[in-house]
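Below you'll find the structure, written out as structure tokens, and then a few comments.
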Amino acid sequence: MADREAVGKPRIRECANILHGEGGLRPGVHIVLGSGLGGLAERVKDAVRVPFAGLPGFPRTSVEGHEGSFIVGRIGGTPVLVQSGRFHYYEGVGARVVAAPVRVGRALGAGTLVLTNAVGGIRSDLAPGSIVLVDDHLNLMFRAPLAGPVAEGEQRFPDMSRPCDPGLMELAESQALKAGIAMSRGTYAAVAGPHFETPAEVRALRAAGADVVGMSAVPEMTVARAGGQRVLAFSVVTNHASGVGAGAIDHEEVMAYAAEGGERLGVLLERLVPLAGG
């Protein structure tokens with residue numbers, strides 16, 4: 001653990017300059033791809049890949065289903081920074097590493113952050129493969145991504161009354177409707193992991209108002225809002241949470257349902273990104 005934290009001191013502006021030099025673009029939209037959703041990266045045109053390990057201070061991601069690279073290119077003609085994979089607290093890295101990709105994207109010019117992730121469905125109507133548009137969240141990781149010195153360009157106490165941008169959410173819903181893609185809104189509960197939740201924990205999360213549960217997204221969302229970025233977040237339901245469905249939760253099945261839902265989400269993002277601007 002200590003070794004991963006020791007290397008985890010990303011030099012934000014230097015990383016952004018490397019990505020700009022490799023890709024030759026200043027993307028206005030930064031898209032983060034979660035577990036099993038890396039197939040969306042294939043929709044990027046004129047793609048230039050830069051592995052995390054090639055950036056100063058970035059460790060390799062250790063999670064199955066995470067490629068661990070940035071892709072600079074275009075979606076629908078719009079310059080984008082696509083992040084295939086992310087860092088999690090449970091990998092043994094600190095808040096600085098978890099937040100670093102968001103800060104690099106902002107330094108590169110991204111005013112909009114689009115987050116995707118795989119989740120367990122707490123609401124009984126959310127079958128595996130469903131897409132949820134996140135409209136609020138519960139941070140139950142008990143980690144503060146903004147703790148410590150205030151990062152350049154960020155607020156000490158950002159307003160989180162609307163963590164996701166209402167205008168972007170309405171745009172996403174209108175494009176989903178036009179594309180015939182079923183999607184509902186929901187509250188995301190972020191837990192530390194890396195184990196799946198117990199039935200008792202899921203009952204508690206349901207009582208607290210959560211619709212889905214995952215192990216990422218909220219630190220990135222919080223850091224983005226502190227830096228004044230617009231945020232949009234999608235969750236792909238990969239399994240019923242414990243006690244909601246029958247049987248044990250299997251990581252391979254999670255990856256399969258992530259790919260299934262990710263294909264539809266990719267169609268939506270191709271329509272949405274050019275309209276979301278940057």
Side-chain angles (χ1 to χ4, degrees), residues 12 16 27-35 37 40 70 75 78-89 95 98-119 131-141 143-146 150-176 183-190 210-236 262 265-266 268-269 271-278:
I12 302 302
V29 180
H30 176 186
I31 304 170
V32 181
L33 306 182
S35 296
L37 299 171
L40 298 177
F70 285 109
I75 292 180
T78 299
V80 295
L81 174 68
V82 174
Q83 179 186 326
S84 186
R86 54 159 51 94
F87 299 107
H88 308 77
Y89 288 130
V98 172
V102 173
R103 289 171 172 149
V104 169
R106 187 165 64 230
L108 193 58
T112 298
L113 177 68
V114 179
L115 298 168
T116 73
N117 64 348
V119 296
I131 298 174
V132 175
L133 180 64
V134 177
D135 61 5
D136 205 348
H137 70 248
L138 295 166
N139 184 2
L140 301 176
M141 292 178 164
R143 300 286 292 273
L146 300 178
V150 179
E152 181 182 354
E154 294 181 8
Q155 302 175 52
R156 172 82 288 178
F157 302 108
D159 173 36
M160 296 299 291
S161 59
R162 291 184 173 180
C164 292
D165 187 88
L168 290 179
M169 293 178 67
E170 290 178 6
L171 185 60
E173 288 176 323
S174 68
Q175 290 304 308
M183 184 174 67
S184 61
R185 293 194 181 197
T187 296
Y188 176 94
D211 299 296
V212 296
V213 57
M215 306 171 194
S216 64
V218 167
E220 296 148 309
M221 196 179 303
T222 305
V223 169
R225 291 301 303 129
Q229 291 171 280
R230 303 171 76 195
V231 178
L232 188 61
F234 299 93
S235 291
V236 175
L265 184 54
L268 176 58
L269 289 177
R271 300 176 63 101
L272 181 61
V273 166
L275 300 175

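Fair warning: this is a prediction, and the values are worked out from it, not measured in the lab.
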Calculate, to the nearest 0.5 Å, the distance between atoms CG and CD belonging to L168 and E170 respectively.
-> 9.5 Å
Are F70 and L108 close enough that some pair of their side-chain heavy atoms sits under 4.5 Å apart?
-> no
So which of V82, L113, V114 actually passes side-chain contact (heavy atoms from CB on, under 4.5 Å) with H30?
-> L113
Step-by-step side chain to side chain contact (heavy atoms under 4.5 Å, CB included) determination, D159 to R225 | CA-CA 8 Å; D159 173 36; R225 291 301 303 129; 5.8 Å; no
Please tell me if the side chains of R106 and E154 come closer than 4.5 Å, counting only heavy atoms from C-beta onward.
-> yes
Compare every heavy atom of A110 with every heavy atom of Q229, then report the nearest pair and how far apart it is.
-> NE2-O, 2.9 Å
Identify the heavy atoms of S235 and V134 that sit nearest to each other, and give their distance.
-> OG-CG2, 3.6 Å
Scanning both residues in full, the closest heavy-atom pair of R143 with A95 reads NH2-N, 4.4 Å
Decide side chain to side chain contact (heavy atoms under 4.5 Å, CB included) for F234 and V132; before the verdict, give the C-alpha distance in whole Å, the side-chain angles of both, and the deciding distance to 0.1 Å.
-> CA-CA 6 Å; F234 299 93; V132 175; over 6 Å; no
Minimum side-chain heavy-atom gap S184-D211 below 4.5 Å = no
Worked verdict on D165 versus L232 for side chain to side chain contact (heavy atoms under 4.5 Å, CB included) = CA-CA 6 Å; D165 187 88; L232 188 61; over 6 Å; no
Say whether, by atom type as modelled, one donor and one acceptor occur between the side chain of E220 and the main chain of A217 under 3.5 angstrom.
-> yes
Hey, does I12 have a side-chain heavy atom less than 4.5 Å from the side chain of E152?
-> no
Is I31 close to L40 at the side-chain level, that is, under 4.5 Å between some pair of heavy atoms?
-> no
Does P145 reach the side chain of V98, with side-chain heavy atoms less than 4.5 Å apart?
-> no
Within a strict 4.5 Å, meaning less than it, do heavy atoms of the N117 and R86 side chains meet?
-> yes
Nearest heavy atoms of M215 and Y188, plus distance in Å | N-OH, 3.3 Å
Can you name the closest pair of heavy atoms from M183 and A172 and give their distance?
-> CE-O, 3.8 Å
Grab the two heavy atoms, one from V218 and one from A190, that are nearest each other, plus how far apart they are.
-> CG2-CB, 3.5 Å
Quick check: does any side chain N or O of R230 sit under 3.5 Å from a backbone N or O of A224, one acting as donor and the other as acceptor?
-> no
Between CG of L81 and OG1 of T112, what distance do you get to the nearest 0.5 Å?
-> 12.5 Å
R185 meets the salt bridge (Lys or Arg N to Asp or Glu O under 4.0 Å) criterion, sequence neighbours left out, with E173
With side chains defined as the heavy atoms from C-beta onward, is the minimum distance between C164 and D135 less than 4.5 Å?
-> no
What distance separates M221 CE from N139 CG, expressed to the nearest 0.5 Å?
-> 10.0 Å
Could you tell me whether Q155 atom CD has more than 12 heavy atoms of other residues or ligands within 6.0 Å of it?
-> yes
Just by modelled atom types, is the V32 backbone N or O under 3.5 Å from a matching donor or acceptor in the T116 side chain?
-> yes
